[in-house]
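Here is the structure we will look at, set down as structure tokens.
In this text the structure is predicted, and so the values were computed from the model without any measurement. Below, chain A is the first sequence line, B the second, and so on; all start at residue 1.
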Amino acid sequence: MSRYNFKETEAKWQGIWEDRGVFTVTVDHDRPKYYVLEMFPYPSGRIHMGHVRNYTLGDVVARFKRAQGFNVLHPMGWDAFGLPAENAAIANNVHPAKWTRENIDTMRQQLKTMGLSYDWSRELATCDPSYYRHEQKMFLDFLRAGLVYRKESWVNWDPVENTVLANEQVIDGKGWRSGADVEKRQLPQWVFKITDFAEELLADLGSLDRWPDRVRLMQENWIGRSTGAFIEFDIAGRDDRLKVFTTRQDTIFGASFCAMSPNHPIAQSLSENDPALASFIDECNRMGTSEAAIETAEKKGFDTGLTCRHPFIGGKLLPLYVANFVLMDYGTGAIFGCPAHDQRDLDFARKYALDVVPVVCPADADEATFTIDDEAYVGDGAIINSDFLNGMEVEAAKAEAARRLAKNGDGEATITYRLRDWGVSRQRYWGCPIPVVHCATCGIVPVREADLPVQLPEDVTLGGAGNPLAAHPTWKSTACPSCGGDAERETDTFDTFVESSWYFARFCSPTADESLVREAVDYWLPVDQYIGGIEHAVLHLLYSRFFTRALKACGYLGIKEPFAGLQTQGMICHETYRDENGAWLLPAEITRDDAGAWSTVDGNRAVNVGRSEKMSKSKKNVVDPEHIIETYGADTARLFMLSDSPPDRDLDWTDSGVEGAWRYVNRLWRMVTQPGIAPAEVGTARPDKLSAQAADVERAIHKTIDAVNDDLERFHFNKAVARIRELSNVVEALRGGAPGDAWVMRCGLETVVQMIGPMMPHVAEELWHQLGHETLLVETPWPQANPAMLIEESVTIAVQVNGKLRGTVELPAGAAKDVAETAALAVPTVAAAIDGKAIRKVIVVPDRIVNVVL
RNA sequence: GCGGGCGUGGUGAAAUUGGUAAACACAAGGGACUUAAAAUCCCUCGGCCGUAAGGCCUUGUCGGUUCAAGUCCGACCGCCCGCACCA
């Protein structure tokens, strides 16, 4: 028997698809379009299993939609700027451009062995000047439109390397290479005004009905709309006022202190004459800049000795602290503390022995005796101890407090957002240069559009102190576009999130001279189905939503939302292995004997098997996709990726699971090439009479088509695989049956081959050919279910007594309630369970269940 | 610390709106074929009791709502993702 030769077959069909250009698409207004996109990869070196999963998921959608008659755009490119290229450059003395280009070549070749239905003519790399020059033009348009400004922002500063560190380069507060204590430092940065769109980005989440709820919820919380009030406190003995933001102005009578961020201007100015405060601020600035670092640090305060006047209680003075947990970037960088009704304020008050005055009394408590112990009360209730607010409910009190503050000129109701503007300046080489120049006479001047792109210099020294572009001897010297005098280029480059915020639009016209061709983007956008990791739930996806709106404001395109549908994918996990010394071992380095004991392949060392974790190089629990594809073929790898877990859940990579997928590939091959009865010829008409078994199989075919369609639309790919396998089981059982069943056999085999096509395109294409078709499977329309075949004639109904299953009964579909009840009570096991007791009631859910309640 | 999610047999999982828990596979065990192995085919397979018929228990833990809970509500435990300069 001929065994399936995946190597030959996969290469053959990849060649034919490419030669015929079946995945190359153009705008075609006569056909409905469908844009499928997977998050493009960073070219880190080689593809990993996460890529294989992501692109397999996308390919299933692309091929399914193509078979359904859509004009499918399915492109691939490279998110090619980033920090790892610079690290590799320093470690291996190779230029980031060369390293990146070589990685792209390797990964492209690897992806091509997977048989993905990409239109490779649209490939792009973001590090290419022909890509980033458009980004520079967009930036200039945003600048003109007032969507960009300069702002002093905090960065992690390594005082030894004289360089800015990314959060991931800060390990326990120290620079990853120098080991020096990292400081916070302020630098002028370019910032995108994403907050201009805060309300819109929040409101329009409601229109994204094909996004996962949890992603929308995360974005909603990230934008963090809060209604509250500004309150301005007079500071005793000073002319300026302390402006705070609060969501609980109703608790103002419970205020016992005020606190400001260490970076608040008032704190900064006080520190100039107060060495103790300066040292406290220094200590705060040794924490990282990440919110997690700030929020998990021990809460500390420094009493400035200043006091704030309470706006409604004459003579009451609140001590003013500098506190490490007050964020400069949220609200006004200052708060008032009401310990009774906020847990963090309560902890702070207990630590510094401040008053705790309850001002909201829960409905079930007595106002006279209600006290706060070690838990703040954050719920609703009636206001107490609060003068003119007494007796009001919380919401009414918020409105009244805001009204009174405004009347007295001490504040006003307001709305704030947690969302901050997007700082895009990076002090790095391997990124898109920001196209402005600094002129001593004219200030900051945009580069003329005709002079774009501002290209990165090739000759650069990496690994030295500071920003490599700033250290370059000549690159930054230029003439001012405005006055023509000597000027310096901006040496910062863009955050790499900028490139990934518009690449989906560039794919519509990837080689055009124009940044975005309106006819192309108007036809293809939005992306109908976007697929990628959940880790991008907020930043990348929110930035892209902002960028699309900014592009619309500047006339580049006409849509607001870039991604109509979103599917997030889980991670690939694998067991972990360590030797007796705790050193990590690769799966390829270990083996298991017949008794089930693990050891290293050489047999010398015992192996401890750890739980399954996300595949990572550091834990060595990785399997190289290239090895799997060489051993089993792309179809097997793809099937395994799809069959074991639903796409959004983590997937455990197991050798036995891959073996199982491989066996199914071969089983399909045998079913078609060596069936027990020969399938009918292509185009044979359905016989009038079928055997009972064949008639059942025919119904199963149509039910499976119907169910698989539904599964594919809903991303239940693992269920689709299970159903197709089930169908192949019943089709295979026709072997050796009546000769008249040949037609059903063919129908079943063709249906299985067609439906498995998006998942295992090569073997499916080959089997389609083996079944005698002259046309390509990829150009064959998706099978249709015959509605008449889907109607159930009878159903099995479960019968419960007091909620416990006691039997089942077979009834015609749609049987009336009383018919079902009578039949249920007649079931012997049910009657035995009732045992002559009185029946209180009988619940009948037609076609589902009967529950007899005693 | 804050925000979001997940938890079902030995394993991956399935169970449209609350309505027969464990479909489809993997692993394991037994058998057939074979000189033998691989491959393939057949059978068993959540736990306990029982020869069987059948019974009892079971969806991380505890509690609640309901005729009925894996599914809804509350509390807790464990794991994972994100937290703005990793991509």
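- When the C1' atom is compared between B/G74 and B/C83, the two are found 28 Å apart, to the nearest whole Å.
- Listed candidates were B/C85, B/C83, B/C26. Nearest to the side chain of A/L539 is B/C83.
- At a threshold of 4.0 angstrom between heavy atoms, the contacts of A/A537 with the nucleic acid are absent.
- Under the 6.0 Å distance and 45° angle rule, A/R185 does not count as a cation-pi partner of A/W154.
- Of the candidates B/A27, B/G4, B/A23, the closest approach to any side-chain atom of A/R663 belongs to B/A27.
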Under a 4.0 Å heavy-atom criterion, the protein footprint on nucleotides 8-21 of chain B, written with B, S and -, is ----SSSSBB-BB-
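- Listed candidates were B/C85, B/G5, B/C24. Nearest to the side chain of A/N729 is B/C24.
- Spacing between B/C24 and B/G60 at atom C1', rounded to whole Å, works out to 25 Å.
- Taking atom CE on A/M571 and atom C1' on B/C6, their separation rounds to 11 Å, with Å as the unit.
- Base pairing analysis places B/A22 opposite nothing; no Watson-Crick or G-U wobble pair with both distances below 3.5 Å involves it.
- The CG-P distance, from A/L165 to B/A84, rounds to 14 Å in whole Å.
- Its glycosidic angle being within 90° of 0, B/G9 falls on the syn side.
- One interatomic measurement links the two molecules: NZ of A/K614 to C1' of B/C86, which rounds to 10 Å at whole-angstrom precision.
- For A/M39 and B/C86, the CE to P distance is 17 Å, given to the nearest whole Å.
- When rounded to the nearest whole Å, the span between CD of A/Q569 and C1' of B/C80 equals 15 Å.
- Along RNA chain B, the nucleotide nearest A/T296 and the nucleotide nearest A/H536 are compared for position; the residue whose nucleotide lies closer to the 5' end is A/T296.
- Nucleotides B/C56 and B/C80 have their C1' atoms positioned 37 Å apart, rounded to a whole Å.
- The two atoms that bring A/M218 and A/I534 nearest to each other are CE-CD1, 3.9 Å, heavy atoms only.
- The closest donor-acceptor contact from the side chain of A/S500 to the backbone of A/F497 lies under 3.5 Å.
- Atom name P, nucleotides B/A21 and B/A27: the rounded distance is 29 Å, in whole Å.
- On a pure distance criterion of 3.5 Å, a polar donor-acceptor pair joins the side chain of A/Q427 and the base of B/C85.
- The shortest distance between the side-chain N/O atoms of A/R426 and the OP1/OP2 oxygens of B/C85 is below 4.0 Å.
- Phosphate contact (OP1/OP2 of B/G4, side-chain N/O of A/R216, threshold under 4.0 Å): absent.
- Among residue pairs with one or both ends in residues 417-426 of chain A, those qualifying as salt bridge (charged side-chain N to carboxylate O under 4.0 Å, His left out) are A/E291-A/R418, A/D329-A/R420, A/R426-A/D495; sequence neighbours excluded.
- Look at the P atom in both B/C72 and B/G7: the space between them is 10 Å, to the nearest Å.
- The base-pairing partner of B/G78, taking Watson-Crick or G-U wobble contacts with both distances under 3.5 Å, is B/C6.
- Among the protein residues, A/F325 comes within range of no part of the nucleic acid, since none of its heavy atoms lies under 4.0 Å from any strand.
- Using a 4.0 Å heavy-atom distance criterion, A/S44 is classed as making no nucleic acid contact.
- Ring geometry for A/Y4 against A/W669 counts as tilted: the plane angle lies between 30° and 60°, on a 0 to 90° scale.
- Spacing of P atoms, B/A25 relative to B/C43, comes out at 12 Å, to the nearest Å.
- Checked by atom type and distance alone, the side chain of A/N621 pairs as donor or acceptor with a backbone atom of A/H574 at under 3.5 Å.
- Between A/F325 and A/F348, the ring-plane angle classifies as perpendicular under the 30° and 60° cut-offs.
- Nearest to the side-chain atoms of A/A166 among the listed nucleotides B/G3, B/G5, B/C85 stands B/C85.
- Across the C1' atoms, B/A23 and B/G1 are found 43 Å apart, a figure rounded to whole Å.
- Closest-nucleotide positions on RNA chain B for A/Q169 and A/N666 were compared, and the one nearer the 5' end corresponds to A/N666.
- Among the atoms of the strands shown, only primed sugar atoms or phosphate atoms (P, OP1, OP2) are found under 4.0 Å from some heavy atom of A/R725.
- Minimum atom distance to the side chain of A/V164 is reached by B/C85, of the listed B/C81, B/C85, B/A25.
- Using Watson-Crick or G-U wobble geometry with both donor-acceptor distances under 3.5 Å, B/G70 finds no partner in any strand shown.
- Salt-bridge formation is not detected for the pair A/R428/A/E86: no Lys NZ or Arg NE/NH1/NH2 atom is positioned less than 4.0 Å from an Asp or Glu carboxylate oxygen.
- For the side chain to side chain donor-acceptor pair (under 3.5 Å) with A/R723, the qualifying choice from A/D706, A/D711, A/D710 is A/D711, the only one to do so.
- Protein atom CG of A/L642 is 20 Å distant from nucleotide atom P of B/C24, rounded to whole Å.
- Rounded to a whole Å, the CZ atom of A/F81 is 16 Å from the C1' atom of B/C85.
- Near-neighbour residues of RNA chain B inside residues 188-198 of chain A, defined by a heavy atom below 4.0 Å, number-ordered: A/Q189.
- Taking the charged nitrogens against the carboxylate oxygens, A/E726 and A/K703 have no contact shorter than 4.0 Å, which rules out a salt bridge.
- Listed nucleotides: B/A87, B/G4, B/A27. Nearest to the side chain of A/S656: B/A27.
- Taking every side-chain heavy atom of A/Y543 into account, B/A84 is the closest of B/C81, B/C24, B/A84.
- Among A/W222, A/W422, A/F197, the one residue that satisfies the ring pair (Phe, Tyr, Trp, His ring centres under 6.0 Å) test with A/Y543 is A/W422.
- Below 30°, between 30° and 60°, or above 60°: for A/H51 and A/Y55 the angle between ring planes is below 30°, a parallel geometry.
- With hydrogens and angles left out, the side-chain atoms of A/Q569 and A/N54 include a donor and acceptor closer than 3.5 Å.
- In the model, A/S794 has a side-chain atom that pairs as donor or acceptor with a side-chain atom of A/E810 under 3.5 Å.
- Rounded to whole Å, the separation between the P atoms of B/G55 and B/C2 comes to 49 Å.
- Within the 4.0 angstrom heavy-atom criterion, no nucleotide atom of any strand lies near A/K299.
- The nucleotide B/U44 finds its pairing partner in B/A28, both defining distances of the Watson-Crick or G-U wobble pair being shorter than 3.5 Å.
- Here the C1' atom of nucleotide B/A87 and the CH2 atom of A/W78 are 15 Å apart, to the nearest Å.
- Heavy atoms of A/G224 sit nowhere under 4.0 angstrom from any nucleic acid atom.
- Taking the side chain of A/A722 as heavy atoms from C-beta on, and the options B/G4, B/C24, B/A84, the nearest nucleotide is B/C24.
- Pairing for B/G1 is with B/C83, a Watson-Crick or G-U wobble pair whose two hydrogen-bonding atom distances lie under 3.5 Å.
- In this structure B/U65 sits in no base pair that meets the Watson-Crick or G-U test at under 3.5 Å.
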